[in-house]
There are 2 protein chains.
Amino acid sequence: MNVLDSAVKLLQENEIRPSLTRIHILAYLLTNPVHPTVEQIYQALLPQIPTLSKTTVYNTLDLFLAKKLVKPVGVEYKEKHYDANTQNHGHFFCRVCEKIFDFDTHYIETETPELKGFQIEAKNVYYSGVCLDCRHKNKHKEDKNEKFEGNQDC
Amino acid sequence: MNVLDSAVKLLQENEIRPSLTRIHILAYLLTNPVHPTVEQIYQALLPQIPTLSKTTVYNTLDLFLAKKLVKPVGVEYKEKHYDANTQNHGHFFCRVCEKIFDFDTHYIETETPELKGFQIEAKNVYYSGVCLDCRHKNKHKEDKNEKFEGNQDC
DNA sequence: TACAATATTGTAATCATTACAAATAAAGAG
DNA sequence: CTCTTTATTTGTAATGATTACAATATTGTA
């Protein structure tokens, strides 16, 4: 099965109508696992889809994000946040109250065969989800609707 | 010793002239470990320093970053990058070639007492430094100048 | 005091992203 | 097939955080 077909299948499985643009953007992401930006995707597909608009790339990626077909690389807040604690430590971002919590990561000992010979200068660990307070505040909702899902592949 | 004094000391230790503005910004960061944004710092200090300019906050934080007095929270690229691999995995950013490498994080098993009861929905691991290729290409430089430093607290 | 170096400020530019409304294409009903 | 509705795509303009830059103010030193 070629990439175009895989893309169509993936789209259908996620209840996204497989328009040409969507197929191409998804196929590009699948065949070019270089963590591309909107600009890169746009430039790469322009020859094949001359009428393509950058807005469409944004829209399509937002749709893919919502359907969890793609993930953003990095932890993107609107504004930069600064930390006077320069020790290596983890950050937990609560998507409800939008607070950032610190946690210790000393016990995280990693052997990363893929990075053998790499010069690792900084290690960052970011978790996200719902903090204890916000879980309690929304306990009633949690039981009823889909707003709070159980842990996924964590 | 109060916070102002600690701030002065920290600045001097890092060869930064302890101007009033710098003292206040650093003291704010030390006493408010809430990972503030430029806007937050600016708004908080405006009553005390009515002539404060937001540009100064930016400049000062850039200086602090350069002297490693503060760290940015999150992994900030100029543009968003997208990944069609939605499995949890780590990313390594090479600051020389600016490529992003994937690595497996399955063996990272974490027990985080600080996050007990938190609903963890996503785990992200970001390393940065210099990749193998770029280290090799710059071997000659690596021995001579300060461009490539050894690992720090990793 | 006077000079030079450093800090701070305000305005304007930049640039990724978003909002929004118009244009186009596709699907469904008759 | 044709009309009507809905979904998709597009282009332009706005937003908002950050940066560039030149002007002003402050500090340290002779």
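Each chain gets a letter, A, B and so on, in the order its sequence line appears, and its residues count up from 1.
The aromatic ring centres of B:H81 and B:H91 sit 6.0 Å or more apart. Side-chain rings of B:Y127 and B:F103 approach one another, their centers coming within less than 6.0 Å.
Dashed line: the shortest gap from a side-chain N or O of B:S53 to OP1 or OP2 of C:dT8 is not under 4.0 Å. A close approach under 4.0 Å does occur between a side-chain nitrogen or oxygen of A:T51 and OP1 or OP2 of D:dT10. Side-chain nitrogen and oxygen atoms of B:T55 include none within less than 4.0 Å of the OP1 or OP2 phosphate oxygen of C:dG10.
A:S19 comes within contact range of the sugar-phosphate backbone alone, with a heavy-atom separation under 4.0 Å but no base atom that close. Residue contacts for B:K80: at a heavy-atom cut-off of 4.0 Å it reaches the sugar-phosphate backbone alone, with no base atom in range. In this structure, A:T37 reaches neither bases nor backbone, as no heavy-atom distance under 4.0 Å exists between it and the strands shown.
Ring-plane geometry between B:H89 and A:H35 is classed as tilted, the angle between the planes lying from 30 to 60 degrees on a 0 to 90 degree scale.
Remark: the backbone N or O of A:G117 is paired with a side-chain donor or acceptor of B:R135 at under 3.5 angstrom. No donor-acceptor distance shorter than 3.5 angstrom exists from the side chain of B:N32 to the backbone of B:V34, with no hydrogens or angles considered.
When the P atom of C:dC20 is taken as reference, atom OH of A:Y58 falls 17 Å away, rounded to whole Å. With rounding to whole Å, B:L65 atom CG is found 11 Å from D:dT18 atom P. Between B:E76 atom CD and C:dT17 atom P the separation is 12 Å, expressed in whole Å. Between A:R22 atom CZ and C:dA26 atom C1' the separation is 12 Å, expressed in whole Å. Atom C1' of nucleotide C:dT9 and atom CG of B:N59 are separated by 9 Å, given to the nearest angstrom. As a whole-Å value, the separation of A:L61 CG from D:dT8 P is 15 Å. Straight-line distance from the OH atom of A:Y42 to the P atom of D:dT9: 15 Å, rounded to whole Å. If you take CD1 of B:I49 and P of D:dT26, they are 14 Å apart, rounded to a whole angstrom.
If you find the closest nucleotide of DNA chain C to B:E79 and to B:L20, the one lying nearer the 5' end belongs to B:L20.
Here the nucleotide nearest the side chain of A:R17, chosen from C:dT9, D:dA7, D:dT27, is D:dA7.
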